**Student:** 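Supplied in structure tokens, the structure appears directly below.
Hydrogens, waters and symmetry mates play no part in the numbers below; they use all other heavy atoms, side chains included. On a predicted model such as this, the values are computed, not experimentally measured, just so you know.
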Amino acid sequence: TWRVVAGRPRITWGPIMTTLLFWESGVSFDLQMPLRNPLNFPVAISDLRLSATFNDPDGASTFPPDARVPLLDELVVPDFDFRLEANETALTPRVSVGLHAREVETVTRIVNEVTGHRRLCADLQGTVTLRLQSQGDAPFALAQPFHAPHVGLYGDDAHACDFMVEACAETLGA
């Protein structure tokens, strides 16, 4: 199978703490996905769809542990217009992702993970639409699914989310 995501995404956060603590309109970050083209010819990425959940293995306040707290229902970036040359791996252009976490539970869990544990670990999933085209032929579209588990969206410890795999399995009996 073709693993279109080649490594961990690059995340650049907006002003997360001010936004969360003062209940403003939401939290935002810029995302760049490392994509890989293993083919011997270039491909164009014309569409990106992304959804995300985050892991809260120890719970927060009165909320019990949960490995799949909704973070982003589905972000659709049409007309993405990104090209990968033959056998190339590259970061996509920045995509701005706005999280409008107005539910008390979601905000409480995010604040607990970020301020209490200095981490926010998520599972990203979605599809990229590839346009394949031979000279003189009409383009052929192919939707390629991807899944990037245990991605660190916040924190300085590169291995904080590796720990989350074990913690969620122990806590939730997975």
**Student:** At what distance, to the nearest 0.5 angstrom, does CG of Asp47 lie from CD of Gln144?
**Tutor:**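 The distance works out to 13.5 Å.
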
**Student:** Ignoring hydrogens, what is the shortest heavy-atom contact between Ala67 and Asn55? Give both atom names and the distance.
**Tutor:**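 In this case the closest contact between Ala67 and Asn55 is O-OD1, 2.7 Å.
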
**Student:** Please examine the side chains of Leu48 and Phe146, heavy atoms only from C-beta on, and report whether any two atoms are closer than 4.5 Å.
**Tutor:**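 A side-chain contact exists here, since the closest heavy-atom pair is under 4.5 Å.
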
**Student:** Within a strict 4.5 Å, meaning less than it, do heavy atoms of the Asp58 and Glu113 side chains meet?
**Tutor:**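 Asp58 vs Glu113: side chains touch.
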
**Student:** If you count every heavy atom of other residues, nucleotides or ligands that lies below 6.0 Å from Asp137 atom CG, does the total exceed 12?
**Tutor:**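 Yes, enclosed.
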
**Student:** So, using side-chain contact (heavy atoms from CB on, under 4.5 Å) as the criterion, who are the partners of Ala60 when residues are at least two apart?
**Tutor:**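 With sequence neighbours excluded, Ala60 shows a side-chain contact (heavy atoms from CB on, under 4.5 Å) to Asp56, Thr108, Arg109, Asn112, given in chain and number order.
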
**Student:** Taking side chain as C-beta onward, heavy atoms only, is Leu31 less than 4.5 Å from Leu50?
**Tutor:**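 Leu31 reaches Leu50 side chain to side chain.
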
**Student:** Just jot down the side chain to side chain donor-acceptor pair (under 3.5 Å) partners of Arg131, sequence neighbours excluded, or say none.
**Tutor:**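 Result, side chain to side chain donor-acceptor pair (under 3.5 Å) vs Arg131: none returned.
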
**Student:** Starting from Leu91, can I reach Ile45 by hopping between I/L/V/M/F/W/Y residues whose side chains sit under 4.5 Å apart?
**Tutor:**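 Different clusters: Ile45 never reaches Leu91 through Ile, Leu, Val, Met, Phe, Trp or Tyr contacts under 4.5 Å.
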
**Student:** Given the rule that I, L, V, M, F, W and Y join up when any side-chain heavy atoms are under 4.5 Å apart, are Leu130 and Phe41 in one cluster?
**Tutor:**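 Linked within one cluster.
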
**Student:** Consider side-chain contact (heavy atoms from CB on, under 4.5 Å). Of Val77, Thr129, Thr127, Leu75, which one does Arg49 pass it with?
**Tutor:**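 Going through the options one by one, the only one that passes is Thr127.
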
**Student:** Any side-chain heavy-atom pair from Val151 and Leu124 closer than 4.5 angstrom?
**Tutor:**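 The answer is yes; the side chains approach within 4.5 Å.
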
**Student:** Please name the pair of heavy atoms, one in Arg119 and one in Pro57, separated by the smallest distance, quoted to 0.1 Å.
**Tutor:**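 For Arg119 and Pro57, the tightest heavy-atom pair comes out as NH2-CG, 4.0 Å.
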
**Student:** List the steps, then state whether side-chain contact (heavy atoms from CB on, under 4.5 Å) holds for Val5 with Arg36.
**Tutor:** CA-CA 6 Å; Val5 175; Arg36 181 174 69 95; over 6 Å; no

**Student:** Which residues pass the side-chain contact (heavy atoms from CB on, under 4.5 Å) test with Ser96, not counting sequence neighbours?
**Tutor:**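 Asp30.
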
**Student:** What is the minimum heavy-atom distance between Pro34 and Pro9, and which atoms define it?
**Tutor:**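 Reported closest heavy-atom pair: CD-CA, 3.6 Å.
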
**Student:** Would you say that Pro93 contacts Val95 through its side chain, given a criterion of any heavy-atom pair below 4.5 Å between the two side chains?
**Tutor:**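 Not in contact.
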
**Student:** Do any pairs count as a side chain to side chain donor-acceptor pair (under 3.5 Å) and have a residue in residues 76-87, sequence neighbours left out, and if so which ones?
**Tutor:**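 Counting only pairs at least two positions apart or across chains, the side chain to side chain donor-acceptor pair (under 3.5 Å) contacts touching residues 76-87 are Asn40-Asn87, Arg83-Glu85.
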
**Student:** Side chain to side chain donor-acceptor pair (under 3.5 Å) with Arg10: which residues, sequence neighbours excluded?
**Tutor:**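 With neighbours one apart ignored, the set is empty.
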
**Student:** Considering only NZ, NE, NH1 and NH2 on the basic side and carboxylate oxygens on the acidic side, decide whether Arg68 and Asp66 come within less than 4.0 Å.
**Tutor:**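 Result for this pair is no, no salt bridge flagged.
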
**Student:** Would you give the length of the straight line joining atom CG of Leu132 to atom CG of Asn37, rounded to the nearest 0.5 angstrom?
**Tutor:**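 It is 8.5 Å, given to the nearest 0.5 Å.
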
**Student:** Who are the side-chain contact (heavy atoms from CB on, under 4.5 Å) partners of Thr92, not counting sequence neighbours?
**Tutor:**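 Only Gln32, Met33, Leu35, Phe80, Phe82 meet the side-chain contact (heavy atoms from CB on, under 4.5 Å) criterion with Thr92.
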
**Student:** If I compare all heavy atoms of Thr53 with all of Pro70, which pair ends up nearest, and what's the gap?
**Tutor:**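 It is CG2-CA, 4.3 Å.
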
**Student:** Enter the distance from Ser51:OG to Glu74:CD here, rounded to the nearest 0.5 Å.
**Tutor:**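 If we round to the nearest 0.5 Å, Ser51:OG and Glu74:CD are 6.5 Å apart.
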
